[in-house]
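Just the heavy atoms: all of them, side chains too, but no hydrogens, waters or symmetry mates, feed the values below.
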Amino acid sequence: EDLQPRAFAPDAPDPFEAAGLNPEEMSDRELNDFFNELNRLDPAGLATLGELQVEEIALAKVVVGCGGGPLNEQFIAGQVRVEYEQDFLDANAAALEQYKPE
């Protein structure tokens, strides 16, 4: 399900025209209020968003509980990079020998 407000769907009519408003005649505050209202999700969308947030929090707790997280991700990426670099050097040692300083 798409959580984008219906007003911004590709087939949605012009929101100003649908509301009988002219954006050129509206103050900044009126424009902000208008767009804030357009950005509101309907009750079904809010319920779906709430369910997704519950799943996201549960997943984050599991990841952190297993030692995951941004710092661990960087550490593992560094280890993998070192392994790939060594594999490359081992596989291409003969071809790289010509670039070795004498």
Side-chain angles (χ1 to χ4, degrees):
E1 181 179 329
D2 188 8
L3 289 179
Q4 184 173 356
R6 181 77 187 126
F8 296 105
D11 60 341
D14 179 276
F16 292 105
E17 191 175 301
L21 298 172
N22 181 351
E24 301 291 325
E25 297 172 355
M26 298 173 73
S27 69
D28 286 343
R29 183 179 176 100
E30 290 171 326
L31 286 168
N32 284 337
D33 290 345
F34 182 73
F35 280 112
N36 285 338
E37 187 60 36
L38 284 177
N39 284 321
R40 293 189 199 283
L41 293 173
D42 61 19
L46 287 172
T48 301
L49 178 61
E51 292 168 7
L52 291 171
Q53 289 171 329
V54 167
E55 289 180 32
E56 183 179 29
I57 290 168
L59 178 60
K61 287 179 179 179
V62 169
V63 168
V64 171
C66 291
L71 294 178
N72 192 48
E73 182 179 314
Q74 290 175 3
F75 176 73
I76 291 172
Q79 285 182 316
V80 170
R81 186 183 71 246
V82 169
E83 289 176 27
Y84 273 105
E85 288 173 356
Q86 190 59 55
D87 289 347
F88 176 83
L89 292 173
D90 293 344
N92 297 288
L96 294 170
E97 189 66 33
Q98 66 180 327
Y99 299 106
K100 187 175 181 181
E102 295 181 29

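Closest approach of Glu25 to Glu30, counting heavy atoms only: O-OE1, 4.2 Å.
Between the CG atom of Leu52 and the CG atom of Leu59 there is a distance of 12.0 Å, given to the nearest 0.5 Å.
With sequence neighbours left out, Glu37 forms a side chain to side chain contact (heavy atoms under 4.5 Å, CB included) with Arg40. Under the rule for a side chain to side chain contact (heavy atoms under 4.5 Å, CB included), the partners of Phe75 that lie at least two apart in sequence or sit in another chain are Asn72, Gln79. For Leu21, the side chain to side chain contact (heavy atoms under 4.5 Å, CB included) criterion is met by Phe16, Ala19, Met26, Phe34, not counting sequence neighbours. Gln86 is linked by a side-chain hydrogen bond (donor to acceptor under 3.5 Å, both in side chains) to Asp90, counting only residues two or more places apart in sequence or in another chain. Here Arg29 pairs with Ser27, Asp33 under the side chain to side chain contact (heavy atoms under 4.5 Å, CB included) rule; sequence neighbours left out.
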Would Gln53 and Leu49 count as a side chain to side chain contact (heavy atoms under 4.5 Å, CB included) here? Give the steps. CA-CA 6 Å; Gln53 289 171 329; Leu49 178 61; 4.0 Å; yes
Please report, to 0.1 Å, the donor-acceptor pairs under 3.5 Å made by any side chain of residues 92-99, with sequence neighbours excluded.
from	atom 1	to	atom 2	distance (Å)
Asn92	ND2	Phe88	O	2.8
Gln98	NE2	Ala95	O	3.3

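Summarising the local packing, CD of Glu85 is surrounded by more than 12 heavy atoms from other residues, nucleotides or ligands at distances under 6.0 Å. More than 12 heavy atoms of other shown residues, nucleotides or ligands fall within 6.0 angstrom of atom CG in Asp14.
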